[in-house]
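Whatever order the structure lists them in is the order used to number ligands and atoms, beginning at 1.
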Amino acid sequence: MSDNNKKILVTGGAGYIGSHTAHALAEHGYTPILYDNLSTGCRKLADGFELIEGDIADTNKLAPILARVDAVMHFAAHAYVGESVVNPQKYFQNNVVKGLRFIDAVFNSSVRKFVFSSSCAIYGIPGQLPITEDSPRQPINPYGATKLAFENALNAYSKAYGLRYAALRYFNAAGADPKGRVGEVHDPETHLIPSAFQAIQGKRDAVEILGDDYPTPDGTCVRDYVHVSDLAEAHVSALEYLEKNESLAVNLASGRGHSVKEVFATIEQVCGKNVPVRISTRRPGDPPILVADPTKAKETLGWNAQYSLDEMVSTAWQWARRPNC
Ligand SMILES: NC(=O)c1ccc[n+]([C@@H]2O[C@H](COP(=O)([O-])OP(=O)(O)OC[C@H]3O[C@@H](n4cnc5c(N)ncnc54)[C@H](O)[C@@H]3O)[C@@H](O)[C@H]2O)c1
């Protein structure tokens, strides 16, 4: 527990990962101030915290808020890979153009600590596994390109103007707050585990397996899942790291790969129900395996993922059975 009562601005705080991080911050003695335009977020996820409705490009609105915080955590972004392919303008506008306005607002304040939600999407199709922070960054979709562009801006600005940042490159976020306070609320839902729950609950006919002919042990894609509460804790560690250290870019992952079929088997075991599945063709650009090397996070932040796939599924299932916002 931190002995301070520092205020932290959390953009995108009414979203999935931002809301979990708000709880982690509060548990460590910080006061999160959530800032969200509610474009994909949900007011109920901000319950218990100060929520200011606003856009990250609204520098006038942000100025007095920045004057009362010690650091920023920047989650606000659009985050659907598929949508970014059909509507890249929406993604570059929000994640880059508006994002840069937000950095300007930060520079015009006295805040110099910046934690950014980056993504494994910046790596594209890895040449070798596991993916380290030094792996080539070659995004294969506009979403990944926006995340890389923002990281590059942070890097250049920090060298030229002095700003400490942590670019946290999350792999596949999953699960929900074990205390049941917050969880995933996305519409449409595209993430694997909540989509499978929707199929179980009859909210969709089936969940799709996008290709079962990959060169993996069971033919389905393998991904590195990390519990959202583990991600939230990493943000607190990153904040503490930036108190004493220079900028950093780091993978946040478990280092373990699970195939789509393995995830469904875990869901069936946890829920005691069959997952209605439809096999369809591969989605262009989906690499067979994405697994990270999480060593740097351990060495720099003292962080490693605590929750298992079983716990990701069971906490998410607990949340999925509650009424949504
Ligand atoms: N969920 C994942 O697996 C994952 C993986 C890698 C990276 N990320 C990144 O993590 C961050 C959070 O993701 P999430 O899954 O919680 O998404 P989310 O959609 O639940 O949360 C994003 C929040 O940002 C808000 N927002 C968007 N644009 C805004 C703007 N212009 N001004 C103010 N608020 C705005 C939305 O209303 C929403 O509440 C995103 O930056 C995403 O790219 C997520």
In the protein, what heavy atom is nearest to atom 38 (C) of ligand 1, and what distance, to one decimal place, separates them? T40 OG1, 3.2 Å
Once you measure the plane-to-plane angle for F49 and H23, does it fall in the parallel (<30°), tilted (30-60°) or perpendicular (>60°) bin? perpendicular
Distance to 0.1 Å, residue and atom name: give those for the protein heavy atom nearest to atom 21 (O) of ligand 1. G15 CA, 3.5 Å
What pair of heavy atoms forms the shortest contact from A176 to S229, and how long is it? O-OG, 4.3 Å
Protein contact to atom 22 (C) of ligand 1 [nearest heavy atom, distance to 0.1 Å]: A77 O, 3.8 Å
Taking the inter-plane angle between the rings of Y16 and H186 on a 0 to 90° scale, is it parallel (under 30°), tilted (30 to 60°) or perpendicular (over 60°)? perpendicular
Which residue is it: L252, T132, L248, D134? I am looking for the one with a side chain to side chain contact (heavy atoms under 4.5 Å, CB included) to K296. L248
Closer than 4.0 Å to some heavy atom of G12 - which atoms of ligand 1 meet that? 23 (C), 24 (O), 25 (C)
Under the salt bridge (Lys or Arg N to Asp or Glu O under 4.0 Å) rule, what do E189 and R204 come out as? Steps first, then yes or no, please. CA-CA 11 Å; E189 187 52 77; R204 61 168 81 194; over 6 Å; no
Tell me whether C120 has any N or O atom under 3.5 angstrom from an N or O of ligand 1. no
Looking only at protein heavy atoms, identify the closest one to atom 17 (O) of ligand 1 and say how far it is in Å. H186 NE2, 3.8 Å
Look at the rings of F107 and Y161 and say which category their plane angle falls in: under 30° parallel, 30 to 60° tilted, over 60° perpendicular. perpendicular
Could you tell me the residue and atom name of the protein heavy atom closest to atom 28 (N) of ligand 1, and the distance to it rounded to 0.1 Å? N94 ND2, 3.0 Å
Could you give me the CA-CA distance, side-chain angles and deciding distance for E151 and Y165, then say whether side chain to side chain donor-acceptor pair (under 3.5 Å) is met? CA-CA 9 Å; E151 264 202 33; Y165 73 90; 5.8 Å; no
Within-cut-off N or O pair, H78 and ligand 1, under 3.5 Å: no
Under 4.5 Å between side-chain heavy atoms, chaining through other members, with only Ile, Leu, Val, Met, Phe, Trp and Tyr counted: pull out the rest of the cluster around Y214, sorted by chain and number. none
In terms of heavy-atom contacts, I289 and P126 come closest through O-CG, 4.0 Å
Can you tell me the protein heavy atom closest to atom 35 (C) of ligand 1 and the distance? N37 OD1, 3.1 Å
With heavy atoms under 4.0 Å as the rule, classify the contact between S118 and ligand 1 as side chain, backbone, both or neither. backbone
Proximal atoms of ligand 1 relative to L38 (non-hydrogen, under 4.0 Å): 37 (O)
Closest to atom 16 (O) of ligand 1 (judged by heavy-atom distance), picking from T11, I56, I17: I17
For atom 1 (N) of ligand 1, which candidate among H191, R101, H20, H74 holds the nearest heavy atom? H191
Any N or O on C42 sitting closer than 3.5 Å to an N or O of ligand 1? no
Charged N to carboxylate O below 4.0 Å: is that the case for R164 and E243? no
Could you point out which residue of T11, N37, N94 forms a side chain to side chain donor-acceptor pair (under 3.5 Å) with D55? N37
Can you list the ligand 1 atoms lying under 4.0 Å from a non-hydrogen atom of S39? 26 (N), 27 (C), 28 (N), 36 (C), 37 (O)
Please work out whether the ring planes of F114 and F116 are parallel, tilted or perpendicular, with thresholds of 30° and 60°. tilted
If we number the atoms of ligand 1 from 1 as shown, the ones under 4.0 Å from a heavy atom of G54 are 32 (N), 33 (C)
Element-labelled atoms of ligand 1 that are located less than 4.0 Å from some non-hydrogen atom of A79: 42 (C), 43 (O)
Carboxylate-amine/guanidinium contact E268 K273, below 4.0 Å: no
Output the list of atoms in ligand 1 that are nearer than 4.0 Å to some heavy atom of A14, sorted by atom number. 39 (O)
Near-ring test H235/Y30, centroid separation under 6.0 angstrom: no
Using a strict cut-off of 4.0 Å, indicate which atoms of ligand 1 neighbour a heavy atom of G41. 36 (C), 37 (O), 38 (C), 39 (O)
Quick one: look at K147 and ligand 1, take heavy-atom pairs under 4.0 Å, and tell me if it's side chain, backbone, both or neither. side chain
For the residue pair L301 and V250, what are the closest heavy atoms and their distance? CD1-CG1, 4.1 Å
So is G13 close enough to ligand 1, meaning a heavy atom under 4.0 angstrom away? no
Relative to atom 14 (P) of ligand 1, which among Y80, Y16, Y143 owns the nearest non-hydrogen atom? Y16
Taking the minimum heavy-atom distance to atom 8 (N) of ligand 1, which of Y170, F171, F75 ranks first? Y170
shortest atom 39 (O) of ligand 1-to-protein heavy-atom contact is with D36 OD2, 2.6 Å
Of the protein's non-hydrogen atoms, which lies at the shortest distance from atom 2 (C) of ligand 1, and what is that distance? A173 CB, 3.7 Å
